[in-house]
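Structure first, then comments.
Letters A, B, ... mirror the listed sequences (proteins, then strands); counts begin at 1.
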Number of protein chains: 2
Amino acid sequence: MKARLSAARERILDAALEIMAEHGYAGCSIAAVAHRAGLATGSVYSHFPAKARLFTEVFRVACQREVDAVSRAAAREASAGARIAAVIETFAGRALQSPRLAYALLAEPVDAGVDAERLRFRRAYAELIAGYVAAGVAGGELPPQDPDLSATALVGALGEAMVGPLAAGVAGPGTIPGLTAFAHRALGVST
Amino acid sequence: MKARLSAARERILDAALEIMAEHGYAGCSIAAVAHRAGLATGSVYSHFPAKARLFTEVFRVACQREVDAVSRAAAREASAGARIAAVIETFAGRALQSPRLAYALLAEPVDAGVDAERLRFRRAYAELIAGYVAAGVAGGELPPQDPDLSATALVGALGEAMVGPLAAGVAGPGTIPGLTAFAHRALGVST
DNA sequence: GGAAAGATTGAACAGTGGTTCACTTCTTGG
DNA sequence: CCAAGAAGTGAACCACTGTTCAATCTTTCC
């Protein structure tokens, strides 16, 4: 019984994420989510008290997955420059692979409560990158700078460079090297 | 009579912009705009066919004003480095002076039709900056790069660095020099 | 096997806010 | 001074969705 309950809960989360990846947050009415999860509309409310709560959880899971992937890729590298390159390749590669989801996570209009979760997402990215930058500065690989500001700006740069093309449907494969070069210059990675 | 008509239209646009600067797009119900313009709710529809149309125009005017201010400031400078610094100072200075408006123009959730205008706004900024970058590259002041990509990334960096603080209410005066340094490094302005 | 506990259903409800429209008020031209 | 017509009014309308809830079905356990 308990298993059945939590299984339904899981199915709802999965369904919501799938719809978001296909049709964005705009397509995520409670009715649509319930239908895809194989439940009635009202049943969603046995598992989540409100739509905003459901989607903060969806965002949390999806964002964590992204940050983890980027973090894992960067951890394989040793120098700050290589780590930043890994961050960009992973971030951009994943975004280009699931453009609709990336747009939803990064920029699509959502409920205010959910938007707060998105801010945390960007903050998490920024903190991850700030750590690499701080280490690079401490180790002399990077020139002195405010690691948090650099990281925040870099997150914005990545997001903008992705969302623009995503909205326009223009997926640029040549964008990733260009962005990496931009980021390396911006952080002062010695060539 | 014609004058009266266009005067009312103007009053509506002004009212909408004022409310947006005070309470953001969220506070811009048709009723609120009409009230501030000294009209009845329905009268708005003698001048604009729909809310989205009204606000695409509000956005167009407001964005143009921003881009013009930045463009004018940059035009006073000769080198690419000085121009970029002027762009950042003007952009950030104005954003910090009207934080609510800046947030609305840059990031607040809005109708889909209005969002398209916002994209044009960001694009206009990017094109402006891309021009300066291209000139800098052509003149040998900046290293070879894709001016459009660099400009897009820079717009994202500026936006993110502004919106974060705007949302958190943290207006950082030390942010502007830091951002300028970031941008100069990113574009390869020789120090 | 049966009854209590609880999950599920889906149609009805409610709040919001853009939009409409029958009516009033005002300007204009003869 | 008076139609004619345009502009203005604001309450009613409607569409859209998140949310609720009484009825129904499932599971569990004595």
Side-chain angles (χ1 to χ4, degrees), chain A residues 1-20 22-59 104 108-118, chain B residues 1-20 22-59 104 108-118:
Chain A
M1 202 62 191
K2 288 282 169 59
R4 181 190 182 76
L5 221 176
S6 70
R9 199 187 137 90
E10 214 58 37
R11 262 206 328 280
I12 293 172
L13 286 170
D14 289 351
L17 189 57
E18 283 170 31
I19 295 178
M20 213 161 77
E22 285 169 25
H23 308 291
Y25 185 79
C28 288
S29 69
I30 293 286
V33 171
H35 181 75
R36 170 161 314 211
L39 294 172
T41 311
S43 302
V44 171
Y45 287 84
S46 335
H47 303 282
F48 300 92
K51 187 186 186 183
R53 288 289 196 80
L54 161 57
F55 276 91
T56 52
E57 191 156 338
V58 170
F59 264 63
E108 190 175 6
V110 295
D111 289 15
V114 181
D115 206 60
E117 192 62 36
R118 175 146 68 197
Chain B
M1 203 59 191
K2 288 283 170 56
R4 181 188 181 76
L5 219 177
S6 69
R9 199 187 137 89
E10 214 57 38
R11 260 204 331 278
I12 293 171
L13 286 170
D14 289 350
L17 189 56
E18 283 170 32
I19 295 179
M20 212 160 77
E22 286 170 24
H23 309 291
Y25 186 80
C28 289
S29 70
I30 293 287
V33 171
H35 181 74
R36 172 165 308 215
L39 293 171
T41 311
S43 302
V44 172
Y45 288 85
S46 336
H47 302 281
F48 299 92
K51 187 187 186 182
R53 287 289 195 82
L54 162 57
F55 277 91
T56 51
E57 193 156 335
V58 170
F59 263 63
E108 191 176 4
V110 295
D111 289 15
V114 181
D115 205 60
E117 193 61 36
R118 176 146 68 197

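Atom NE2 in H47(B) sits roughly 16 Å away from atom C1' in dT19(C) (whole-Å rounding). The CZ atom of R9(B) sits 17 Å away from the C1' atom of dA6(D) (whole-angstrom rounding).
Scanning both residues, K51(A) and Y45(A), for their nearest heavy atoms gives N-OH, 4.4 Å. The minimum heavy-atom distance linking G113(B) with T56(B) is given by the pair O-CG2, 3.6 Å. Between A32(A) and I19(A), the closest heavy-atom pair is O-CD1, 3.5 Å.
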Let me have DNA chain C in dot-bracket notation, would you? Count Watson-Crick plus G-U wobble pairs, both distances under 3.5 Å, and use [ ] for pairs crossing earlier ones and | for inter-strand partners. ||||||||||||||||||||||||||||||

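Listed pair H35(A) / dG10(C) fails the phosphate criterion, with no side-chain N or O lying under 4.0 Å from OP1 or OP2.
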Trace of the side-chain contact (heavy atoms from CB on, under 4.5 Å) decision for V33(B) with F48(B): CA-CA 12 Å; V33(B) 171; F48(B) 299 92; over 6 Å; no

Stepwise, does the side-chain contact (heavy atoms from CB on, under 4.5 Å) test hold for R36(A) with E22(A)? CA-CA 12 Å; R36(A) 170 161 314 211; E22(A) 285 169 25; 2.9 Å; yes

All N/O contacts under 3.5 Å from nucleotides 15-21 of chain D to the protein, with atom names and distances to one decimal?
residue	atom	partner	partner atom	Å
dG18(D)	OP1	K51(A)	NZ	2.3
dG18(D)	OP2	I30(A)	N	3.0
dT19(D)	OP2	Y45(A)	OH	2.5
dT19(D)	OP2	K51(A)	N	2.8
dT19(D)	O5'	Y45(A)	OH	3.3

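The pair R118(A)-D115(A) meets the salt-bridge criterion, since a charged nitrogen lies less than 4.0 angstrom from a carboxylate oxygen.
At a threshold of 4.5 Å between non-hydrogen side-chain atoms, the residues E117(B) and F55(B) do not count as touching.
With rounding to the nearest 0.5 Å, the separation of CG in D14(A) from CZ in R11(A) is 9.5 Å.
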